[in-house]
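Read the structure below first, then the notes.
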Amino acid sequence: MLSISKATAYNWKKLKSDSEHKLTKRANKTKSAKRIVANSYVNNDDANKLLSIVLKLNNPVEYIMYSLVISLLTNKGIIHKAHVRNFLNTYHDMELVDISVPEYIWDSKEDILGFIYQSLITEGERNITGQYYTSQNVVEYMLGDKILKDDETLLDPCCGSGAFLLKVSTKNPTNLYGFDINPIAVMLASANLLAKYSDFVFTPQIYCIDFLKQDLFVNITQNIPLRFDNIYTNPPWGADKAGDYARNYPHIKSKERASMFIVEALNHLKKTGVLYFLLPTSLLKIKTHSDMREFLLASTTIHQIDLYNNRFDGVYTDFFSIKLSIGRVDEQNYCVRNGETQTNIQISKTEYPSANIVTDKMNTLDESIIHKMESFRHDDLTHSLWALGIVTGDNKNKVKKEVEPGLEPVYTGKQVRPFSLKEVSSYILFAPETFQQCAKTEYFRAPEKLIYRFIAKYPIVAYDDKQCLCLNSANILIPEIDGITVKSVAALLNSTLYHYYYTMKFSDIKVLKGNLQSLPFPKLTVDQDRELSDLVTTFQLSDYSEEQQRRLDKVVYSIFGITPSEQVYIYSQSK
């Protein structure tokens with residue numbers, strides 16, 4: 001065992017590097033052996049050349065990364081310095097691997113170590129541990145021209161290979177602190193700092209710590225301050241499904257780890273300090289996280305929100321960053337930056353209970369149309385039935401391209417079109433007990449249901465009365481709305497008016513249950529419901545067309561009293 005702390009030793013064991021535990025097939029993301037090259041993190045010829053060399057090796061990942069650390073520190077001419085030798089002694093049981101490193105690769109100011117490691121991590125490991133390192137351009141955008149004062153500290157509690165720590169400007173590297181649960185990341189971040197500050201004699205303040213386990217934080221070392229001037233990070237995203245931390249944060253009902261990191265970071269932020277986090281857009285939008293939004297509005301001061309159009313390698317979730325400080329205010333005044341656009345937002349104290357952290361301002365016409373739709377609200381989808389599509393756990397073997405005896409059609413999100421399902425291209429044996437995840441059979445076999453596309457900017461809904469199956473890129477809705485039939489619900493959801501409302505209220509690439517549940521549904525007359533339902537029946541007989549969309553929109557606009565000028569504006573926004 002390495003001569004390291006018990007916590008670090010535990011994390012080494014828990015990590016189970018992919019090189020020692022090869023995965024031979026892809027069942028789902030948590031078991032996937034697929035690797036994703038981190039080109040959005042670093043993208044240059046030498047880095048890719050080194051990666052191609054490393055990918056041919058059969059050595060454990062930690063040995064490969066240790067050998068690259070030795071190469072970096074040797075190149076910087078500091079390998080024999082006492083403080084560097086002390087650092088390397090921590091890893092004395094590591095084995096050197098002979099790697100043909102490109103001659104000038106360490107001349108780059110980019111994080112080559114981080115790039116190689118990210119590109120070696122399997123998709124499964126990334127999914128389980130949340131190891132999605134922050135793109136360099138996002139780090140630079142968040143840090144801006146920030147220069148730390150001589151006594152000013154900065155902590156990254158999920159530092160990875162040190163992206164934020166490497167980019168911030170300081171004359172005193174001992175004021176930089178990093179925590180990470182992954183001991184390989186701790187090694188890389190420490191080596192990166194030693195290389196960057198090669199003229200300094202210092203021990204990098206990088207520790208193998210699980211930030212959400214306060215007992216580890218308090219007891220592991222006496223060198224860590226209790227509070228910091230700055231806390232910048234990109235925390236792990238996703239729910240604490242195993243329940244490792246829930247007892248420490250019982251008020252976070254969603255069990256979202258990113259929310260837990262915000263709360264814990266605020267506990268370790270100085271009163272005059274700044275917290276700056278990169279987070280999934282879902283925290284701003286969906287109902288599950290409303291308690292966290294209300295907490296931020298009522299307990300902190302929001303200074304800035306940044307919206308981004310790019311994504312991480314291998315991640316299909318939109319993200320934003322938020323800058324906070326400690327302290328309640330009677331009115332939130334913050335700036336929202338989206339590329340070159342800046343918008344100033346004001347939220348009064350009376351609006352805090354709504355848990356709505358606004359990221360854009362509607363113009364007067366938008367507000368008028370949204371208000372008009374809300375005035376017709378009679379019911380919603382909160383008491384409807386919902387189900388996820390099938391997760392087989394092994395699509396390669398369970399989803400067939402050719403029909404065979406006993407198999408039946410199964411549809412994906414891409415095959416969901418307005419009102420109908422595209423021609424079938426896949427087949428499956430419906431055996432729920434063999435699937436990783438499967439809704440109740442009665443949901444799939446319902447006499448009527450809606451199937452909606454999961455990845456989309458607004459609802460795209462097919463009507464199904466043939467008890468069809470769908471995979472998890474498509475979800476099931478069985479609406480129960482007063483006075484509205486299933487077909488009419490499909491008509492409303494597929495209308496341009498509802499698409500407009502959805503995109504105005506929710507900027508996400510996923511159609512989420514919580515968002516759909518908040519949509520307003522009017523009280524239809526019997527004739528209105530029949531007219532919408534008959535339209536759907538007609539539409540199903542042919543490919544859906546622009547002319548049919550206009551026919552549908554005309555009926556829906558009349559229900560809500562949308563004027564011709566408002567209709568022109570809505571169409572202009574949908575282009």
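Residue numbers count from 1 along this sequence.
Judged purely by distance below 3.5 Å, without hydrogens or angles, the side chains of Glu294 and Tyr352 never pair a donor atom with an acceptor atom. No hydrogens or angles considered: nothing links the side chains of Glu95 and Tyr66 as a donor-acceptor pair under 3.5 Å. Looking only at atom types and distance, the side chain of Thr281 has no donor-acceptor partner in the side chain of Asp318 under 3.5 Å away. In this structure, a donor-acceptor pair under 3.5 Å is present between the side chains of Ser321 and Tyr308. No donor-acceptor contact under 3.5 angstrom links the side chains of Asn48 and Asp45, judged on distance only. Between the side chains of Glu62 and Tyr91, no donor-acceptor pair is found at a separation under 3.5 Å. A donor and an acceptor atom, one from each side chain of Glu152 and Asn175, are nowhere located under 3.5 Å apart.
Expressed to the nearest 0.5 Å, how far CZ of Phe211 lies from CE of Met260 amounts to 13.5 Å. Considering CD of Glu351 and CG of Asn356, their distance stands at 8.0 Å, rounded to 0.5 Å. For the atom pair CE (Met187) and CG (Asp180), the distance works out to 12.0 Å, reported to the nearest 0.5 Å. With rounding to the nearest 0.5 Å, the separation of OG1 in Thr134 from CZ in Phe164 is 4.5 Å. Here CG of Leu73 is found 11.0 Å from NZ of Lys81. Values are rounded to the nearest 0.5 Å. The distance from the NZ atom of Lys146 to the CG atom of Asn230 is 4.0 Å, given to the nearest 0.5 Å.
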query = Going through the checks in order, is the side chain to side chain contact (heavy atoms under 4.5 Å, CB included) test met by Gln332 and Gln346?
reply = CA-CA 6 Å; Gln332 296 284 358; Gln346 292 181 331; over 6 Å; no

inquiry  = For a side chain to side chain contact (heavy atoms under 4.5 Å, CB included) check, start with the C-alpha distance between Tyr334 and Val358, then their side-chain angles and the critical distance, and finish with the verdict.
reply    = CA-CA 10 Å; Tyr334 56 90; Val358 179; 4.0 Å; yes

task = Run the numbers on Val54 and Tyr117 for side chain to side chain contact (heavy atoms under 4.5 Å, CB included), then give the verdict.
result = CA-CA 10 Å; Val54 165; Tyr117 183 50; over 6 Å; no

Test side-chain hydrogen bond (donor to acceptor under 3.5 Å, both in side chains) applied to Asn44 and Glu110, step by step = CA-CA 9 Å; Asn44 66 52; Glu110 296 178 293; 2.8 Å; yes

key: Step-by-step side chain to side chain contact (heavy atoms under 4.5 Å, CB included) determination, Glu256 to Thr288   = CA-CA 9 Å; Glu256 169 61 52; Thr288 304; over 6 Å; no

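Annotation: side chain of Ser161 is in contact with side chain of Asn192 (closest heavy-atom distance under 4.5 Å). For the pair Pro173/Phe200, a side-chain contact is recorded, criterion being any heavy-atom separation below 4.5 Å from C-beta on. Between Ile181 and Ile209, every side-chain heavy-atom pair lies at or beyond the 4.5 Å cut-off. Side chains of Asn515 and Val511 form no contact here, defined as non-hydrogen atoms less than 4.5 Å apart. In this structure the side chain of His303 never reaches within 4.5 angstrom of the side chain of Leu324, judged on heavy atoms. Put simply, the side chain of Leu194 reaches to within 4.5 Å of the side chain of Pro204, judged on heavy atoms. In this structure, Val186 and Phe179 have side chains that are not in contact, with every pair of non-hydrogen atoms separated by 4.5 Å or more. The closest side-chain heavy-atom distance from Cys159 to Tyr177 is not below 4.5 Å.
Between the Asn248 side chain and the Lys213 main chain, no donor and acceptor come within less than 3.5 Å of each other. Proximity of a side-chain donor or acceptor of Arg257 to a complementary backbone N or O of Gly238 within less than 3.5 Å is detected. In this structure, Ser299 contributes its side chain and Leu296 its backbone to no donor-acceptor pair below 3.5 Å. Judged by distance alone, the side chain of Arg293 and the main-chain N or O of Ile286 form a donor-acceptor pair under 3.5 Å. Counting only distance, with no hydrogens or angles, the side chain of His83 and the backbone of Thr203 share no donor-acceptor pair below 3.5 Å.
Other residues, nucleotides and ligands place more than 12 heavy atoms under 6.0 Å from the CG atom of Asp107.
Between Tyr41 and Phe115, the ring centre distance reaches or exceeds 6.0 Å.
For the pair Asp330 and Lys349, the salt-bridge criterion is met [side-chain N within less than 4.0 Å of a carboxylate O]. For Lys270 and Asp229, the salt-bridge test passes: some basic side-chain N is under 4.0 Å from an acidic carboxylate O.
Lys513 is linked by a salt bridge (Lys or Arg N to Asp or Glu O under 4.0 Å) to nothing, counting only residues two or more places apart in sequence or in another chain.
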Under 3.5 Å, side-chain donor or acceptor atoms of residues 336-344 against the rest of the protein: list the pairs with distances, not counting sequence neighbours.
unit_1: Arg337; atom_1: NE; unit_2: Tyr141; atom_2: OH; d: 3.3
unit_1: Arg337; atom_1: NE; unit_2: Asp306; atom_2: OD1; d: 2.8
unit_1: Arg337; atom_1: NH2; unit_2: Asp306; atom_2: OD1; d: 3.2

